[in-house]
Amino acid sequence: TKTPVLISDQTPWTDINEQNAGFAVNLNYHEAFSGKLQEMIDMGHEEYAEMAKNAYKYITRKLENGVVISKYLDLLKSYKE
C-alpha cells in the first residue's frame, strides 16, 4: 500500500516536504505534529492519493540510489584489496 508519511524532522528524509510525499515535523511541538496529522486526515481522496504516489516515487528513488551507492562502494573496496 502506498501511504504518505509523517516523520520527525530529525531524520535524513526531511526533503519529503518538498517532494509532497508526506510531512517531516519537529516532534517537540505536539501541536505541529497533531496539526499535520489532522491535515492528512482531512485531505480529500485525490490529494491523499497524489501524496501517496509521491511517497512511493520518493522511496523508490532513495532505494535505487542506495543500491547504486552500495555497488560503487563494493567496486572501490575491490580495488583496495
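Take E47 and apply the salt bridge (charged side-chain N to carboxylate O under 4.0 Å, His left out) test, not counting sequence neighbours, and it matches no residue.
Atom OH of Y56 sits in a sparse spot, with 12 or fewer heavy atoms from other residues, nucleotides or ligands closer than 6.0 Å. Annotation for Q38: atom CD counts as buried by contact number, over 12 foreign heavy atoms lying within 6.0 Å.
Atoms CE and NZ, from M51 and K2 in turn, are 15.5 Å apart once rounded to the nearest 0.5 Å. Distance check, rounded to the nearest 0.5 Å: CG of N28 to CZ of F33 gives 12.5 Å.
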- Step-by-step side chain to side chain contact (heavy atoms under 4.5 Å, CB included) determination, K62 to D15: CA-CA 11 Å; K62 290 291 185 181; D15 57 338; 3.6 Å; yes

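The minimum heavy-atom distance between G22 and N17, with the atom names listed, is O-OD1, 3.6 Å. Nearest heavy-atom pair across T3 and A55 is O-CB, 3.6 Å. Taking each heavy atom of S8 and T14 in turn, the nearest pair found is O-CG2, 4.4 Å. Between A24 and I16 the shortest heavy-atom distance is N-CD1, 3.8 Å.
Connection of Y29 to M40 is not established within any shared hydrophobic cluster, with ILVMFWY side chains joined at heavy-atom distances below 4.5 Å, either directly or through further cluster members. Cluster membership check: F23 shares its hydrophobic cluster with L37, using side-chain heavy-atom separations under 4.5 Å among Ile, Leu, Val, Met, Phe, Trp and Tyr. Under the 4.5 Å side-chain heavy-atom criterion for Ile, Leu, Val, Met, Phe, Trp and Tyr, I7 and Y58 are members of the same hydrophobic cluster. The same ILVMFWY cluster, assembled from side-chain heavy atoms under 4.5 Å apart, contains both V25 and I41.
A salt bridge is absent between R61 and E64: the closest approach of a Lys/Arg side-chain nitrogen to an acidic carboxylate oxygen does not fall below 4.0 angstrom.
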